[in-house]
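What follows is a set of notes on a single structure, which appears directly below.
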Amino acid sequence: MYKCILYSTLLALSASSATCAANTYNAEKDFDLEKVKAKYTDVNYVYTSIPERGYNYYKVADNAYYIHNEFDSMVFFITDVGVVVYDARPELTPSVLDLIPRLTDKKITHVIYSHHHRDHAEGMHLYLKSDLLAKDAKIISQKETEEFLQIAHEDLPAERAALRPMPNVVWDDDYVLETGGLRLEFKNYRRNWHSHDDSVVYAPKQNILFAIDTFHAKSAPWIHFGEATDPMMTWKLPQILLNDYPQAEFIITGHEKIVATHADLEEYRDLIKDMQDIMHDVMKSEAFHATMKEAHRRYKDGSEWWNYREGIDLAAEMAAQKFIERWAARVRNASLNAEENFKMMFMQFAILNP
């Protein structure tokens, strides 16, 4: 009798342990948009610790999972026929490949390049080596991404180029992927904001917009506005996206533990507009012009070189001070890159693109 009781107890404990282990990898079974927003869009989630496994994840729609480490993030969809993965971040892809079989026994049917940059593309080779990838899987990129990947294959050592294998599905202006009940709408704006091959993808049923490396939620801009290739487009983009995708609940940017929301994009638009207004005010101010006159008197030989540099530094310093006063209590990292970013803004407005 005692053996039976002991055996039953052990079985119960074993089952309990198994349930606990399984729950470690189970997101909320029923997706609750407001609960997700309350927890995973709150800035305090940025400062939470990552589990020992090296990543965490949560649902951003019924069939969409947001996975992140300390700074990288990706999303994948479990469809009726397989798994669709967006992006190929090298640091995070091993975690994606660890998580997927814990959630489903379906194969990966599609992996999508966001752009050619190494930090978003060099994980692609891991999918090709994985048993999780379906034999007829599609590796998707836009045309410009394919061109830059080809350059990498021509110019880099073979072992490095192999980290970013060539796609087998290439799209140009617009493209629609429909698979297993999932619809993704691809768009190329023909102007870039971060790389030379930027694009956006929208999942209308889930109201999820992929706009990689556009902004950081609840934060001041990354240095040089994310190394913007076309700063004027970078600053216009938030309003363009708000106009074109008014129903988007979440914006996937490829970074951060927190997922960005429609409200975050609105705030970023307002922040950029305020930066522009501050820059224009500084350029028109008496203090700026008086200091520049003094600089003209100071420098003689090669004065244009010195005046040019002093104008950039002075305008950026004055603008950054005003920006920090206005935004330090509202967003993270307000002071971190302020002067560098205002230097870029000054160059664009005063010299290159008035």
Side-chain angles (χ1 to χ4, degrees), residues 54-55 67-77 82-101 107-175 177 179 184 186-201 210-214 222-224 226-230 233-234 252-255:
Y55 66 89
I67 179 171
H68 67 83
N69 54 26
E70 286 289 352
F71 192 58
D72 309 313
S73 61
M74 289 171 55
V75 166
F76 61 86
F77 300 87
V83 181
V84 177
V85 182
Y86 191 86
D87 227 355
R89 310 219 55 178
E91 297 85 359
L92 199 53
T93 291
S95 300
V96 172
L97 293 172
D98 177 72
L99 178 59
I100 287 174
K107 295 286 189 179
I108 298 171
T109 56
H110 301 76
V111 188
I112 302 163
Y113 277 114
S114 64
H115 59 296
H116 77 284
H117 284 176
R118 290 172 175 174
D119 66 322
H120 287 266
E122 284 194 346
M124 188 63 78
H125 72 106
L126 297 173
Y127 294 103
L128 270 63
K129 295 174 182 177
S130 173
D131 292 337
L132 299 180
L133 193 71
K135 290 182 179 179
D136 58 349
K138 308 302 181 187
I139 309 300
I140 302 173
S141 84
Q142 68 147 303
K143 189 173 183 294
E144 287 89 348
T145 302
E146 180 195 37
E147 292 170 356
F148 278 100
L149 293 175
Q150 186 60 50
I151 292 171
H153 279 252
E154 292 170 358
D155 294 352
L156 294 177
E159 63 273 13
R160 190 63 188 263
L163 301 180
R164 291 180 280 180
M166 298 302 294
N168 54 26
V169 174
V170 178
W171 63 279
D172 197 359
D173 292 328
D174 297 291
Y175 175 67
L177 170 65
T179 177
L184 295 179
F186 296 65
K187 185 175 182 62
N188 183 354
Y189 279 109
R190 291 296 174 189
R191 285 185 70 179
N192 297 303
W193 51 89
H194 169 70
S195 71
H196 295 285
D197 52 315
D198 293 318
S199 62
V200 300
V201 177
F210 294 86
I212 300 299
D213 287 326
T214 48
W222 193 258
I223 190 168
H224 303 145
E227 306 302 340
T229 52
D230 182 349
M233 178 61 175
T234 300
I252 309 305
T253 65
H255 295 280

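Only heavy atoms go into these numbers, but all of them, side chains included; no hydrogens, no water, no symmetry mates.
For Phe71, the ring-ring contact (aromatic ring centres under 6.0 Å, His included) partners at least two apart in sequence or on another chain are His216, Trp222, His255.
Looking at Thr93 and Glu122, their side chains never come closer than 4.5 Å, going by heavy atoms from C-beta outward. Looking only at side-chain heavy atoms (C-beta outward), Ile139 and Tyr127 stay at 4.5 Å or farther from each other. Within the 4.5 Å cutoff, no side-chain heavy atoms of Thr234 are placed close to those of His194. The shortest distance between side-chain heavy atoms of Phe76 and Leu99 falls below 4.5 Å. Annotation: side chain of Val111 is in contact with side chain of Leu133 (closest heavy-atom distance under 4.5 Å). Two residues are said to be in side-chain contact when any heavy atoms from C-beta on lie closer than 4.5 Å; Arg118 and Leu156 meet this criterion. Taking 4.5 Å as the limit, every side-chain heavy atom of Leu177 sits out of range of all side-chain heavy atoms of Trp171.
Using cut-offs of 30° and 60° for the angle between ring planes, the Tyr189 and Trp193 rings count as perpendicular. Between His116 and Phe148, the ring-plane angle classifies as parallel under the 30° and 60° cut-offs.
When only modelled atom types and interatomic distance are considered, Tyr55 and Asp98 share a side-chain donor-acceptor pair under 3.5 Å. Between the side chains of His120 and Asp213, at least one donor N or O sits under 3.5 Å from an acceptor N or O. In this structure, a donor-acceptor pair under 3.5 Å is present between the side chains of His224 and Glu227.
The main-chain N or O of Asp131 is found under 3.5 Å from a side-chain atom of Lys107 such that the two form a donor-acceptor pair. Between the side chain of Thr145 and the backbone N or O of His115 there is no donor-acceptor pair closer than 3.5 Å. No donor-acceptor pair under 3.5 Å is formed between the side chain of Arg89 and the backbone N or O of Gly123. The main-chain N or O of Ala161 is found under 3.5 Å from a side-chain atom of His153 such that the two form a donor-acceptor pair.
To the nearest 0.5 Å, atom CE of residue Met124 and atom CG of residue Leu149 are 8.5 Å apart. To the nearest 0.5 Å, atom CZ of residue Arg164 and atom CD of residue Gln150 are 12.0 Å apart. Going from atom OG of Ser199 over to atom CG of Asp172 covers 11.0 Å, rounded to the nearest 0.5 Å.
When every heavy atom of Ile140 is checked against every heavy atom of Pro167, the shortest pair comes out as C-CB, 4.3 Å. Here the shortest heavy-atom pairing between Ile100 and Val83 reads CD1-CG1, 3.8 Å.
Heavy-atom neighbours of Asp155 CG from other residues, nucleotides or ligands within 6.0 Å: above the threshold of 12.
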I'd like to know whether Val200 forms a side chain to side chain contact (heavy atoms under 4.5 Å, CB included) with Thr214, so could you lay out the CA-CA distance, the side-chain angles of the two residues, the decisive distance to 0.1 Å, and finally the verdict. CA-CA 10 Å; Val200 300; Thr214 48; 5.9 Å; no
Asp197 and Tyr113: CA distance, side-chain angles, deciding distance, side chain to side chain contact (heavy atoms under 4.5 Å, CB included) verdict: CA-CA 10 Å; Asp197 52 315; Tyr113 277 114; over 6 Å; no
Under the criterion side chain to side chain contact (heavy atoms under 4.5 Å, CB included), I'd like the reasoning laid out for Asn69 against Ser95: C-alpha separation, chi angles, the key distance, then a yes or no. CA-CA 9 Å; Asn69 54 26; Ser95 300; 6.0 Å; no
Side chain to side chain contact (heavy atoms under 4.5 Å, CB included) assessment of Phe210 paired with Asp87: CA-CA 10 Å; Phe210 294 86; Asp87 227 355; over 6 Å; no
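For the side chain to side chain contact (heavy atoms under 4.5 Å, CB included) test with Glu144, the passing option among Asn188, Asp198, Asn192, Val170 is Asn188; the others fail.
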